[in-house]
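Structure first, then comments.
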Amino acid sequence: MEKPPPEPAPAAAAEEVAARFRSLVDPDDVASIRQTQHLIMGRLQDSNAVLTHFNEYSEQCFAEVSSDFASKTRLLKSMKADLEHIFTKLRGMKARLASTYPDAFPDGAMSKTMDQRPDLESPLD
């Protein structure tokens, strides 16, 4: 009877597998890849630093203008409410004038001039 070959020790087998893997890859290629990775990592760190600085600057600028922006927004909303009130009053006055003096306005002229206010909700062209 033949004896099976002796099994290599696990450590020796691991070293053999590692040695074969190392022989598949050129060490110069590995060094080149590592150098490229370090270069990319440096660029990414620089980019991260620039973006962090920009975010801090943007946050500071926003803090400076946000209160002014909020006050201007409140002012615009107040102006819009005032204008809507004025246009409502004008429409009422026009309607009273048309009913009091029907002969003063030709047929259809009042309907054209009754509401010529701009639509405050539509965007400007």
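Just so you know, these numbers come straight off a predicted model, no measurement behind them.
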N48 vs T52, side-chain contact (heavy atoms from CB on, under 4.5 Å): CA-CA, chis, key distance, verdict: CA-CA 6 Å; N48 191 27; T52 300; 3.8 Å; yes
Polar side-chain atom of S58 near backbone of F54 as donor-acceptor pair, under 3.5 Å: yes
Members besides L44 in its Ile/Leu/Val/Met/Phe/Trp/Tyr cluster (side-chain heavy atoms under 4.5 Å): I40
Student check: side-chain heavy atoms of S32 and D28 closer than 4.5 Å: no
Qualifying side chain to side chain donor-acceptor pair (under 3.5 Å) pairs with a residue from residues 10-20, counting only residues at least two apart or across chains: E16-R20
Reported CD1-to-CD distance for the pair I33 and Q35, which is rounded to 0.5 angstrom: 11.5 Å
From CG (L75) to CE (M79), nearest 0.5 Å: 5.5 Å
Verify same cluster id: F62, Y57 (apolar side-chain graph, 4.5 Å): no
Nearest-0.5 Å distance, CG of residue L90 to CG of residue L97: 10.5 Å
Residues which pass salt bridge (Lys or Arg N to Asp or Glu O under 4.0 Å) with D29, listed by chain and number, not counting sequence neighbours: none
Side chain to side chain contact (heavy atoms under 4.5 Å, CB included) against F21, all qualifying residues, sequence neighbours excluded: V17, L24
Partners passing side chain to side chain contact (heavy atoms under 4.5 Å, CB included) against R74 (at least two apart in sequence or in another chain): A70, S71
Listed partners of H38 passing side chain to side chain contact (heavy atoms under 4.5 Å, CB included), at least two apart: R34, M41
Spatial distance of atom CD (Q37) from atom CG (L39) [nearest 0.5 Å]: 11.0 Å
Those residues that, when tested against T73, pass side chain to side chain contact (heavy atoms under 4.5 Å, CB included) (two or more places apart): F69, K77
Pairs involving residues 50-71, ordered by first then second residue, that meet salt bridge (charged side-chain N to carboxylate O under 4.0 Å, His left out) (sequence neighbours left out): D68-K72
